Amino acid sequence: MKILCEVQVVNRSTQANKTPRAVKSTLAIGYKQSARDANGNTKKELEMVLFSGQNKTGNRYKVKDNIHAVHTKFVLDGKATVGFLQPPDNLLIKCDPIQLKGFLQTLKLGMDGKDAINLRLNIAAATAIPQKAQPQVRMVISKRSEYPIKGFPRTLKSLTINNSQLVKLSFEICTLRNLTKLDISGNKLTKIPSELGRLALTSLHLGNNLLGEKNDWCWLRGTKLSQSLGELDLSGNGLTYFPPPLVKFEALVSLNLNNNLLSRLPFAIRRLQALRKLYVCSNKLESLPSAVEDLRIDLLDVWGNCFKEFNADAAQQMSQQKVASNSPQPLWLLAARAVDKHKLPLPVGSVPAVLIDLICEAPRCPCGELCYAQRKEDLFQRVVQPKFTSIKNLTYSREHQIYADVVLCGSSCSVSVPLKELFRIIFS
């Protein structure tokens, strides 16, 4: 087995660096066949060879009974140290984490005396990997015939599979731990494996598939994906509702939901405070949630929707709404309002997750309280006209005015104000 890496050699006896810094190198491990004895038998000796630009013939290290220590604490960061007894050298290795882990596993198999396919390299004839043969980090597949028969390189960071009639996403793709950009647009996917949520992707393009048929969003609950994803394209998937787990993607900067069948956006969208680009053109939106005013969006595209006219009846009803102040309040709602009012920190673990979700996602009543629409009567549709003061670029059809929905807290809100004053309270 051979890997490309950077290695610095340190002599433990003199504490001198044989190489002043980590240099591009090739590490190889395999068996060396000894000459035949009188009985015609040969003996195999496990060796490791370090090739570098300064030593193209390679430094050879015996492995059996010659390992001083192997330090793997930072192997997930692509760092490890292998120390030998003779000569007393430490090899400080930097490498791709997956390749390094595989190399160390091969070393362990050899030390245990086990045979492995990665140890079948004839170490006596081993040579350095040409520096031009760098690990493949990008792959583009535009038709089925280009699909790799031997599997995907473990070093891939960017993978594009467009218009290939895929009906199922390979589990192998979900194991590419180095992958940060995945584009599988223009296929026939109806479901995404939940294992995809384990990848720390920064860009994911799933446009023009069929994800709206099954509406299976388990993969959006993956912790790594929800913390890392910055760009998501779900356009042209026939979505009839906003995927609920998506509101927890607080690192999301760009979200494309064009050409779907959405009729509503959730109030919980206000949790996406990092969002700067929101595309929801060519849907069936009738209104927007008032929570959209809480976002700091650079670009909002709502062109080609079905925005309905101002709901005068609901607005009049809202302006005259009075709710008994002595109606019982759920304890969890009172707790959420107290935390929000006093702007208390929300350390993970010390505050119940459901309370954090409520504080971050619940809409606000015109009176400023967090509210939870337990009754249908608490929701008033198309009763206010957003000012979009926090949105830099707005694209919409001027034939239709955009109106927003409002939720009343339905408990402690006993304020009755004229309609114009209500507008001022909400958007001031």
Side-chain angles (χ1 to χ4, degrees), residues 1-32 46-63 66-111 116-139 151-159 175-181 199-200 202 228:
M1 180 179 184
K2 296 190 290 186
I3 59 170
L4 273 173
C5 53
E6 293 183 0
V7 179
Q8 184 175 15
V9 183
V10 179
N11 186 281
R12 292 193 308 277
S13 299
T14 62
Q15 293 300 312
N17 296 339
K18 289 189 174 181
T19 54
R21 56 180 176 79
V23 296
K24 291 183 178 181
S25 309
T26 297
L27 265 179
I29 187 170
Y31 285 110
K32 178 183 178 182
L46 189 62
E47 285 189 353
M48 188 183 299
V49 184
L50 173 65
F51 299 97
S52 64
Q54 291 77 19
N55 189 348
K56 297 184 178 181
T57 58
N59 289 330
R60 297 180 177 271
Y61 299 91
K62 290 185 178 181
V63 173
N66 193 39
I67 296 293
H68 174 260
V70 179
H71 301 286
T72 61
K73 183 177 181 179
F74 300 103
V75 69
L76 294 180
D77 296 327
K79 299 177 182 179
T81 299
V82 178
F84 296 94
L85 294 175
Q86 292 296 330
D89 288 348
N90 282 350
L91 306 186
L92 282 60
I93 308 168
K94 292 182 181 179
C95 183
D96 172 79
I98 296 177
Q99 289 194 20
L100 180 58
K101 190 175 180 179
F103 186 85
L104 293 175
Q105 288 175 343
T106 302
L107 173 62
K108 186 177 185 304
L109 290 173
M111 292 171 62
I117 190 170
N118 288 338
L119 289 171
R120 295 175 185 174
L121 173 70
N122 182 4
I123 200 69
T127 58
I129 300 175
Q131 291 297 321
K132 291 184 179 180
Q134 296 295 327
Q136 187 176 358
V137 297
R138 185 173 181 270
M139 178 179 287
F152 295 93
R154 310 295 299 176
T155 54
L156 282 182
K157 294 183 178 180
S158 175
L159 176 60
T175 64
L176 300 176
R177 298 302 179 190
N178 289 327
L179 203 63
T180 58
K181 296 181 179 180
L199 298 183
T202 59
S228 64

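Predicted model only: the values in this text are computed from it and were never measured. Residue numbers start at 1 and run along the sequence shown.
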May I ask you to test the Pro97-Arg177 pair for a side-chain heavy-atom distance under 4.5 Å?
no
Side-chain heavy-atom pair Tyr31, Glu47 within 4.5 angstrom cut-off
no
Nearest 0.5 Å, what's the NZ-CG distance between Lys157 and Leu179?
11.0 Å
Show every donor-acceptor pair shorter than 3.5 Å between a side-chain atom in residues 68-83 and any protein atom, with sequence neighbours excluded, or say none if there are none.
none

Could you walk me through whether Ile123 and Ile29 pass the side chain to side chain contact (heavy atoms under 4.5 Å, CB included) test, one step at a time?
CA-CA 7 Å; Ile123 200 69; Ile29 187 170; 5.5 Å; no
Across all chains, not counting sequence neighbours, the salt bridge (Lys or Arg N to Asp or Glu O under 4.0 Å) partners of Lys108 are Asp112
Test item: Ile67 and Met111 side chains (from C-beta on) under 4.5 Å apart, heavy atoms
yes
On a heavy-atom basis, the closest approach of Pro153 and Met139 is CD-CE, 3.6 Å
Evaluate Leu4 against Lys24 for side chain to side chain contact (heavy atoms under 4.5 Å, CB included), listing each step before the verdict.
CA-CA 7 Å; Leu4 273 173; Lys24 291 183 178 181; over 6 Å; no
What pairs with Arg154 under side-chain hydrogen bond (donor to acceptor under 3.5 Å, both in side chains), at least two apart in sequence or on another chain?
Thr175
Checking Glu6 now: which residues fulfil salt bridge (Lys or Arg N to Asp or Glu O under 4.0 Å) with it, not counting sequence neighbours?
none
Can you tell if the side chain of Phe103 reaches within under 4.5 Å of the side chain of Met1, non-hydrogen atoms only?
yes
Taking distance alone, no hydrogens or angles, what donor-acceptor pairs closer than 3.5 Å link side-chain atoms of residues 87-96 to residues at least two apart or in another chain?
from: Asp89; atom 1: OD1; to: Asn11; atom 2: ND2; distance (Å): 3.3
from: Asp89; atom 1: OD1; to: Lys18; atom 2: NZ; distance (Å): 3.2
from: Asp89; atom 1: OD2; to: Lys18; atom 2: NZ; distance (Å): 3.0
from: Asp89; atom 1: OD2; to: Tyr61; atom 2: OH; distance (Å): 3.1
from: Asn90; atom 1: OD1; to: Arg12; atom 2: NH1; distance (Å): 2.9
from: Asp96; atom 1: OD1; to: Asn178; atom 2: ND2; distance (Å): 2.6
from: Asp96; atom 1: OD2; to: Ile98; atom 2: N; distance (Å): 3.1
from: Asp96; atom 1: OD2; to: Gln99; atom 2: N; distance (Å): 3.1

Compare all side-chain heavy atoms of Lys181 with those of Leu159 and state whether any distance is below 4.5 angstrom.
no
Backbone N or O of Met48 within a donor-acceptor pair of the Lys62 side chain at under 3.5 Å?
no
Within the side chain of Asn55, is there an N or O that forms a donor-acceptor pair under 3.5 Å with the backbone of Phe51?
no
Which residues pass the salt bridge (Lys or Arg N to Asp or Glu O under 4.0 Å) test with Arg138, sequence neighbours left out?
none
Taking Leu50's backbone N and O only, do any of them form a donor-acceptor pair with Ser25's side chain (distance below 3.5 Å, no angle check)?
no
Return the CD1 to NZ distance between Ile3 and Lys101, rounded to the nearest 0.5 Å.
14.5 Å
Which heavy-atom pair separates Ser52 from Val23 by the least distance, and what is that distance?
CB-CG2, 4.3 Å
